[in-house]
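Everything below concerns the one structure shown next.
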2 protein chains.
Amino acid sequence: MLKIGILGYGNLGRGVECAVKNSPDMELAAVFTRRDPSSVKLLTAGVPVVKIEDAANWKDKIDVMILCGGSATDLPKQTPEFAKLFNVVDSFDTHAKIPQHFANVDAAAKAAGKIAMISVGWDPGLFSLNRVFATSFLSDGKTYTFWGKGVSQGHSDAVRRIAGVKNAKQYTIPVESALETVRSGSNPELSTRQKHTREVFVVLEAGADAASVEKQIKTMPNYFDEYDTTVHFIDEEEFAKNHSGMAHGGFVIRSGKTGWDGEYKNIIEYSLKLDSNPAFTSSVLVAYARAMMRMYHAGVRGCTTVLDVPPAYLSTKSAEELRKELL
Amino acid sequence: MLKIGILGYGNLGRGVECAVKNSPDMELAAVFTRRDPSSVKLLTAGVPVVKIEDAANWKDKIDVMILCGGSATDLPKQTPEFAKLFNVVDSFDTHAKIPQHFANVDAAAKAAGKIAMISVGWDPGLFSLNRVFATSFLSDGKTYTFWGKGVSQGHSDAVRRIAGVKNAKQYTIPVESALETVRSGSNPELSTRQKHTREVFVVLEAGADAASVEKQIKTMPNYFDEYDTTVHFIDEEEFAKNHSGMAHGGFVIRSGKTGWDGEYKNIIEYSLKLDSNPAFTSSVLVAYARAMMRMYHAGVRGCTTVLDVPPAYLSTKSAEELRKELL
């Protein structure tokens, strides 16, 4: 049984707890938190909640520590730090900072004789895998990534920071006609605005000016100004009833040519439709924790990513079973 | 530059020739054939065509031999035989016989200090990969594979063997309503008949009895009797104009649950739409030949499959470039 530690008990940490429960080869050893441990109630009976400062005492009692903090401030610090003590997996998702994060984690893990895997999840993660696969099979082509329909936590947070906004949820929506054009194999050039629209549901504070809030949302640099955005003002009851979910998903599509002179068109499409983004991300994290430990036992040390993992390592089935049943 | 040999110059061999041309890190060293070499005209200028009996003389001049014969009789014999001389890749696609073929090739390759990879292509191959990935991420769920719309060579051949049939093409077509039911997440039990229909275009010999041919097709055991089959009789002109292509494709869909009590539904879908089945299969073979040689240089010997390959090995880009650009 692989002994799993969870660091950070938010939506993702709870998702990992569920995924570990559903993995016959794993058990949850402990959950580590910055909060007062007595205030954290786990779903699993009998598992200790430990102050993060005491993690070093668990060095020999955990096979993989799954880091469930945020990419903005937690993981850049935590993953290299905890890679000195544990084999670690994280879901670091700031694409532009992956090379630096990789270097930091690689140095820490190698010095400690540990293995680490960063940026595990679905994007980065499964979508990255599919970008690499599809580009390798169709070298002459173009790859498109669409996200949604789904909740963007970052965009929802940005709206909530506007004065007068009590609560907000932002949905990223792929433009159906853009998807269809890509699937036709015509390899269009698509602007940011042509690929996705944004839809925002806002609960206002009493007395707030709707017109002003709407304008601030639609003109917000980076987050909204390059998109066609629709803003809906709703009451708290409707918000709680219809907008409390964390569904997400998306598409990676590569359109490319084969043949002597590129005479044949091909479309490779990968898509996800997820009722809960953190629950699915957690399932992916746990499968890669399993795979990472197989790499560890095969002698791999330092930082890795999903691109380094032989797919058979992800499964609870043996190589023989996989060849017989799924190949 | 990786030196590639092609054994067997049919549709797949020619496809590999095209894929090698489009790979900046490879060159075609020679094509091996059972035919009279002087009768084989390659697309590539200046590459020798060699009698298959003389292959052993090329032992040290080829990095990877790509075996482009058929799965029924060629590959079960050729792959173990040539694994004694070369690093080999094949596209063996008789699912039920994979374990035996793997064992034969593994023994031959290990004894000779070579590496081999079998069952490379899209099914088995990329579809197998996606079955393993999706099953690993959604352990509580159900996987569905649909093929088509596309040409089945085996079914076309079977129809051509009927007396009175001059030419024939068989299309396998996934049932749209079955696809939609699977995508809804309801995990239906689908019979063979409910998943696919078959459509056959037949050119009759002069004087042949259409009704009798149609009955023989529709009742043919294993090939057609479990399906709803439509038979069209057409003339040679229409056949040549509309039914000379080799398009194919399909879908792997897994529908599964996450959460503490399986409260969240998820759909993972992978699909291919290919103008030419052999041209795409060839592109996959060539990418896996590249990956296999990286495994060889890392010390791997014996038989492998796509399930053993770290995805980064497939790409012409370095690990650093992949992390920066595609992760």
Side-chain angles (χ1 to χ4, degrees), chain A residues 15 17-19 21-23 43 95 98-99 102 119 124 126 128-133 135-140 183 258-260 263-276 279-280 282-284 287 290 305-312 314-316 319-320 322-324 326-327, chain B residues 15 17-19 21-23 43 95 98-99 102 119 124 126 128-133 135-140 183 258-260 263-276 279-280 282-284 287 290 305-312 314-316 319-320 322-324 326-327:
Chain A
E17 183 182 16
C18 296
K21 175 204 174 203
N22 296 323
S23 299
L43 298 166
H95 290 262
I98 285 175
F102 184 93
S119 301
L126 309 190
S128 325
L129 270 182
N130 277 280
R131 287 187 284 261
V132 170
F133 279 127
T135 307
S136 302
F137 305 137
L138 296 174
S139 56
D140 176 13
R183 287 181 184 130
T258 51
W260 187 252
E263 60 270 35
Y264 303 120
K265 284 202 233 174
N266 306 270
I267 303 286
I268 303 177
E269 176 166 345
Y270 182 77
S271 71
L272 297 172
K273 207 175 136 201
L274 315 168
D275 269 5
S276 164
F280 182 75
S282 301
S283 283
V284 176
R290 171 186 301 126
T305 75
V306 298
L307 304 178
D308 303 309
V309 178
L314 294 162
S315 177
T316 52
E320 291 73 21
L322 291 176
R323 285 196 295 268
K324 190 170 191 294
L326 296 178
L327 190 67
Chain B
E17 184 182 14
C18 297
K21 176 204 174 201
N22 297 323
S23 300
L43 299 166
H95 290 262
I98 286 174
F102 183 92
S119 301
L126 309 190
S128 326
L129 271 181
N130 277 280
R131 287 187 284 263
V132 170
F133 279 128
T135 306
S136 301
F137 305 137
L138 296 174
S139 56
D140 177 13
R183 288 180 183 131
T258 52
W260 186 253
E263 60 270 36
Y264 302 120
K265 282 203 237 176
N266 306 271
I267 303 286
I268 303 178
E269 177 166 343
Y270 183 77
S271 71
L272 297 173
K273 207 175 135 200
L274 315 168
D275 271 3
S276 164
F280 182 75
S282 302
S283 285
V284 176
R290 172 185 300 125
T305 75
V306 298
L307 304 179
D308 302 310
V309 178
L314 293 163
S315 177
T316 52
E320 292 72 21
L322 291 175
R323 284 195 296 268
K324 189 169 191 291
L326 296 178
L327 192 68

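The model shown is predicted, which means the values in this text are computed figures rather than measured ones. Letters A, B, ... are given to chains in the order of the sequence lines, protein chains preceding strands, and every chain is numbered from 1.
Distance check: B:Leu274 CG to A:Phe137 CZ gives 12.0 Å after rounding to the nearest 0.5 Å. Interatomic distance, NE2 of B:His95 versus CG of A:Leu327, reported as 7.5 Å (0.5 Å rounding). Note that the OH atom of A:Tyr270 and the CG atom of B:Leu126 stand 13.0 Å from one another [nearest 0.5 Å].
For chain A, no part of B:Asp140 is nearby; none of its heavy atoms comes within less than 4.5 Å. Heavy-atom distances place both the backbone and the side chain of B:Val132 under 4.5 Å from chain A. Looking at A:Glu17, the atoms closer than 4.5 Å to chain B (heavy atoms on both sides) sit in the backbone and in the side chain alike. At a 4.5 Å heavy-atom cutoff, the contact between B:Ile98 and chain A is made by side-chain atoms alone.
Looking only at heavy-atom pairs under 4.5 Å with chain B, the residue among A:Ala319, A:Pro311, A:Pro310 that has the most is A:Pro311.
Among the candidates A:Leu322, A:Leu314, A:Val284, A:Thr316, the single residue satisfying the side chain to side chain contact (heavy atoms under 4.5 Å, CB included) test with B:Ser136 is A:Leu314.
Contact of the A:Arg323 side chain with the B:Pro99 side chain is not registered, since no non-hydrogen atoms from C-beta on lie closer than 4.5 Å.
Smallest separation of non-hydrogen atoms from A:Lys273 and B:Arg183: NZ-O, 4.0 Å.
The side-chain contact (heavy atoms from CB on, under 4.5 Å) test applied to A:Thr135 returns A:Thr143, A:Arg254, B:Leu326, not counting sequence neighbours. For the side-chain contact (heavy atoms from CB on, under 4.5 Å) test, residues two or more places apart in sequence or in another chain that qualify with B:Thr258 are A:Ala279, A:Ser283, B:Leu138, B:Tyr264, B:Asn266.
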